[in-house]
Structure formats: structure tokens, C-alpha cells
**Student:** 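My structure is below; once you've seen it, I'll send some questions.
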Amino acid sequence: MSVGGDERRRLPGLEGPLWRALLVFRFAALGYAAVLMVNNFREYAWPLGGWLIVAAMTVWTAVSSLAYARPERRGWPLLVADLAVAAGCLLASRWIVNPSGLGVGAPTLPMAWVASPVVAWAISGGRRRGAIAAILLSVADVIVRNGFSQATANGPVLMILVGIGVGHIARLAIDAEARLQRAIELEASTRERERLARGIHDSVLQVLALVQRRGTELGGEAAELGRLAGEQESVLRSLVAANSPAPAAAPAVAVIDLRPLLNAYGSAAVTIAAPATPVLLPASVAAEVAAAVGAALDNVERHAGERARAWILLEELADRVTVSVRDDGTGIPDGRLAEAERDGRLGVAQSIRGRIRDLGGSVTVSSARGNGTEVELTVPR
């Protein structure tokens, strides 16, 4: 997989640390070259020239570091200039350092500093570009040493390995970030789709199911309306289950008491037990928890039996809030929840589990046929 120029400009997250690492390497290599210069300049054929080359390396290190810090400047002009300066400093060793020493592996003036443009080319273009820069500087190294031998092979070989290795790592990092960005966008789209699906399930699908059921009971023209409502319910469920990207929703930040939202569900068939003190949650979290409780109660009304009663228990702990919805109905047969999800009936899968999962919480459903059902919703504080 390759990443184009436009995509690379949109993904500076992993390239930034690589360029900063190059900056550290460039200054460290410059310091090492300066130390060698101090130790060896008395043996050079032209000591003053050695100091001039070290001064030029210092100036270029400062200039190139400032230039590479700006992403828009990391193009061919800067890369070619970087390579040319490094090659020039390397070739200058031929007239400054003792020629006989260079032929047997003596260090050149730039030493490891000459690998800086190789790393820059590798970060900017991957393995191939890094290898090209390394080969060009290796040719300059061979020219300086008057040939290629076992004693002088270490520098060129190491530069080529650096160009290929750094280029490979840079390309892997950039490709990984591109995949991560697409995965994040897909997850956001999926979350929004599920949020919309829960809203549809809580309103439109419930109404269509009611129209279908009541139309069948009444018969006549009402039965035909019920049949049409059933068909539309089936189509809508299929659309809800399909993948369709949408923008992510913005979270609310207000804090409200969860108890009044749950008290609204109280009736002759629903008993509510809650703490005496407010149970404060962000408004968006409280609304989602209350909606999940409403979906659980709707399932009780539809599936637990006509005379089933329900109990809501709200508990507040230091690190979480738990809401339990228990009924004394007929219970859920084994495998029924999985079958309903396959059929596109998303009451538990999305209206309950999906809501709480999006809040970072968990849902536990305990049921046995003939012994009622308990749905426990837990969200973190």
C-alpha cells in the first residue's frame, strides 16, 4: 500500500517524531565529527581546511534543521541541497585528510554526519529513495578512498542499510496511520448509524409494529393497513441493519439528575426504587440510560405477558451507576436474543446494549423461561 503526497500531508502525526529524531542524530553526529577533528587535525594534510569543513557542517546543520521543521519545505530542493552539501564535505576529505589513511579505512571529515541526508530521503520517500541517496554518497566515499576494499566497505554498506531500514519503518508508520484514520472514521460512522437505529427502533418501528398487530386484530381494511405496516417495518429494519456512514454526533456536557427520568416510567405495573439523593450524570449519558431503560420496559410490555410487573432499581456507587430492570414475566427462551438480532429486531442489541456500550458501560441479561428477566445496565462515573 502506498500513501500519496496529499494523504501524507494530512497525516503528520507519525512523520513529526521521525524528523525530530533526524534532528537529534544530525547534531549528535556533528558533535562526534568535531571531537574527531580535535583529536586528528594535526595529522591532516591541510588542518585549516578541516576546520572550515566542520564550520560548514555546523552552519548547514542549523539551516537544514530549521528548514526540515516546516513540512512544506521538505521537498526536492531541500533534499537535493542536503545531499549535495554532505557529498561536498565528504569529497573534501580527499584533499584534507591524509590520503594514505583514507585508503585503509581512516575516518572521513563528516563521519556519521554524512548519513543525515540518507535518513531525510528515507523518511520523505521510503526504502527506494533512501537507498538512492545512500548509493550516491557511497560512490562519493569510494572516490575519496580511491577504490573499494574490505577495509573501506563499512561506510557504504551501513549507509545503504540505514537508507533501506529507515525508509521501510517510515513507510510502515505512515501506512499504519492511514489505516488507523480510516478505521476511526468507519467506527464513528458505525456508532452514528447505531444511534440513529436506536432512535428509529424506539419510535417508528414500534409504531409500525403496533399498527400491524392492531390491524390484524381488527380485520377488514385495518388488516390490509396492518399488512402494509408490517412490510414497511421489515424494510426499515433492513435499512437500519445496513452499513451507511454518517458524521459523528457532538456530545452534551450538562449534568442532570437521573432519577426524574426514570420516575417518568413509574405506573401501576412498574415500581421504581432510587436513592434519596440526586444521581448526577452528564445529560447525554442520563438520557441514553433512561432510553435504554425505556427499551427494556417496552420489551417487558410486549413479551413478558399481559399481567407482568416490572421493578426498576437505581444504585449509585463511587465509580459507577447501575440500573436494574426486573420483571416477573415468562422469561426469554435460550437463543431468542441472537435470533432476534439476526432478524433485524434490535431492541436489546442496539436500543439497550448499543446505548450502554457507547457510554463505556456494560449490560447483563439474566433470564430463564418462566422465571422472568433481569436487565442490569452499568455505566462508569
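Index from 1, following the sequence.
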**Student:** Take the angle between the ring planes of Y68 and W19 and call it parallel below 30°, perpendicular above 60°, tilted in between.
**Tutor:** parallel
**Student:** Minimum heavy-atom separation for V300 and A308, please, with both atom names.
**Tutor:**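 Smallest heavy-atom distance, with atoms named: CG1-CB, 4.4 Å.
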**Student:** Ignoring hydrogens, what is the shortest heavy-atom contact between C89 and M57? Give both atom names and the distance.
**Tutor:**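 Nearest pair, atom of C89 first, then M57: SG-CG, 3.7 Å.
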**Student:** So, do D328 and W311 sit near enough that their side-chain heavy atoms are less than 4.5 Å apart?
**Tutor:**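 In short, these two side chains touch, coming nearer than 4.5 Å.
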**Student:** Is there a side-chain contact between T108 and D141 (heavy atoms, below 4.5 Å)?
**Tutor:**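 Of all side-chain heavy-atom pairs linking D141 with T108, at least one is under 4.5 Å.
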**Student:** Would E316 and R381 satisfy salt bridge (charged side-chain N to carboxylate O under 4.0 Å, His left out), going step by step from the backbone distance to the final call?
**Tutor:** CA-CA 9 Å; E316 181 182 24; R381 297 301 301 271; 2.7 Å; yes
**Student:** Do L258 and V323 have side-chain heavy atoms sitting under 4.5 Å apart?
**Tutor:**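 When only atoms from C-beta onward are counted, V323 and L258 do touch, with a gap below 4.5 Å.
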**Student:** Whether the side chain of N40 engages the backbone of L36 through a donor-acceptor N/O pair (distance < 3.5 Å, no angle test) should be reported.
**Tutor:** yes
**Student:** Rounded to the nearest 0.5 Å, what's the gap from CG on L90 to CD1 on I53? Could you check?
**Tutor:**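 Output value for this atom pair is 10.5 Å.
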**Student:** Among the clusters formed by ILVMFWY side chains lying less than 4.5 Å apart, do L158 and I135 turn up in the same one?
**Tutor:**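 In one cluster with L158: I135, no.
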**Student:** Do P380 and D319 have side chains that get closer than 4.5 Å, going by heavy atoms?
**Tutor:** no
**Student:** Would a 4.5 Å heavy-atom cut-off, applied to side chains only, mark T271 and R309 as touching?
**Tutor:** yes
**Student:** Rounded to the nearest 0.5 Å, what separation is found between the CD1 atom of I312 and the CD1 atom of I272?
**Tutor:** 4.5 Å
**Student:** Measure the spacing between OG of S267 and CG of L297 and express it to the nearest 0.5 Å.
**Tutor:** 8.0 Å
**Student:** Would you mind listing every side-chain hydrogen bond (donor to acceptor under 3.5 Å, both in side chains) that reaches into residues 85-94, with sequence neighbours excluded?
**Tutor:** R94-N146
**Student:** More than 12 non-hydrogen atoms from neighbouring residues, nucleotides or ligands closer than 6.0 Å to CD on E374, yes or no?
**Tutor:**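 More than 12 within 6.0 Å, yes.
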**Student:** So L280 and I256, side-chain contact (heavy atoms from CB on, under 4.5 Å) or not? Walk me through it.
**Tutor:** CA-CA 5 Å; L280 300 178; I256 62 174; over 6 Å; no
**Student:** Nearest heavy-atom pair of S367 and G372: which atoms, and what distance?
**Tutor:** OG-O, 3.2 Å
**Student:** Might you point out which heavy atoms bring S65 and T61 nearest each other, and give the distance in Å?
**Tutor:**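 Looking at all heavy atoms of both residues, the shortest contact is OG-O, 2.6 Å.
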**Student:** Passes side-chain contact (heavy atoms from CB on, under 4.5 Å), S124 versus L79? Steps please.
**Tutor:** CA-CA 9 Å; S124 66; L79 292 171; 3.5 Å; yes
**Student:** Quick check on the hydrophobic clustering: are V97 and V38 connected, directly or via other members, by side-chain heavy-atom contacts under 4.5 Å?
**Tutor:**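 Yes.
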**Student:** Start with the C-alpha distance between V365 and V363, add both sets of side-chain angles, then the distance that settles side-chain contact (heavy atoms from CB on, under 4.5 Å), and finish with yes or no.
**Tutor:** CA-CA 7 Å; V365 179; V363 176; 4.1 Å; yes
**Student:** Does the T378 side chain pair with the main chain of R320, one donor and one acceptor, at a distance under 3.5 Å?
**Tutor:** no
**Student:** Could you check if a side-chain atom of L18 sits within less than 4.5 angstrom of a side-chain atom of L22, using non-hydrogen atoms only?
**Tutor:** no
**Student:** Of all residues at least two apart in sequence or in a different chain, which pass the ring pair (Phe, Tyr, Trp, His ring centres under 6.0 Å) check with W113?
**Tutor:** none
**Student:** Testing L281, N263, L262, V279 for side-chain contact (heavy atoms from CB on, under 4.5 Å) with D257, which one passes?
**Tutor:** V279
**Student:** Do you reckon L136 sits in the same ILVMFWY cluster as M159, going by side-chain contacts under 4.5 Å, direct or chained?
**Tutor:**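 Linked within one cluster.
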**Student:** Report the C-alpha distance between L377 and V321 in whole Å, list the side-chain angles of each, state the deciding distance to 0.1 Å, and finish with yes or no for side-chain contact (heavy atoms from CB on, under 4.5 Å).
**Tutor:** CA-CA 8 Å; L377 320 175; V321 171; over 6 Å; no
**Student:** Same cluster for L161 and V139 if Ile/Leu/Val/Met/Phe/Trp/Tyr side chains link at under 4.5 Å?
**Tutor:** no
**Student:** I need the I123 CD1 to R171 CZ distance, nearest 0.5 Å.
**Tutor:** 12.5 Å
**Student:** Check for me, please, whether V54 and F27 land in the same ILVMFWY cluster - side-chain distances under 4.5 Å, paths through other members count.
**Tutor:**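 Unlinked, V54 and F27 end up in two clusters.
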**Student:** Could you tell me whether the side chain of R26 reaches within less than 4.5 Å of the side chain of L30, counting heavy atoms only?
**Tutor:** no
**Student:** What's the shortest heavy-atom distance between A292 and I356, and which atoms?
**Tutor:** CB-CD1, 4.1 Å
**Student:** By the definition ring pair (Phe, Tyr, Trp, His ring centres under 6.0 Å), identify the one residue from W46, Y44, F41 that meets it with W51.
**Tutor:** F41
**Student:** When you compare the side chain of R259 with that of L314, does any pair of heavy atoms fall below 4.5 Å?
**Tutor:**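 In short, these two side chains touch, coming nearer than 4.5 Å.
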**Student:** Charged N to carboxylate O under 4.0 angstrom, R326 versus E376?
**Tutor:** no
**Student:** State the CE-OH distance between M111 and Y32, to the nearest 0.5 angstrom.
**Tutor:**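 It comes to 4.0 Å.
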**Student:** We want to know whether D82 and W60 form a side-chain donor-acceptor pair, criterion being a heavy-atom distance below 3.5 angstrom.
**Tutor:**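 Result is yes, a qualifying pair exists.
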**Student:** To the closest 0.5 Å, what do you measure between CG (L137) and CD1 (I132)?
**Tutor:** 12.5 Å
**Student:** Would a distance-only check, ignoring hydrogens and angles, find a side-chain to backbone donor-acceptor pair under 3.5 Å from R355 to V285?
**Tutor:**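 Absent.
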**Student:** Which atom pair, heavy atoms only, marks the closest approach of A112 to F25?
**Tutor:** O-CZ, 3.5 Å
**Student:** Do the charged groups of R179 and D175 touch, with an N to O distance under 4.0 Å?
**Tutor:** no
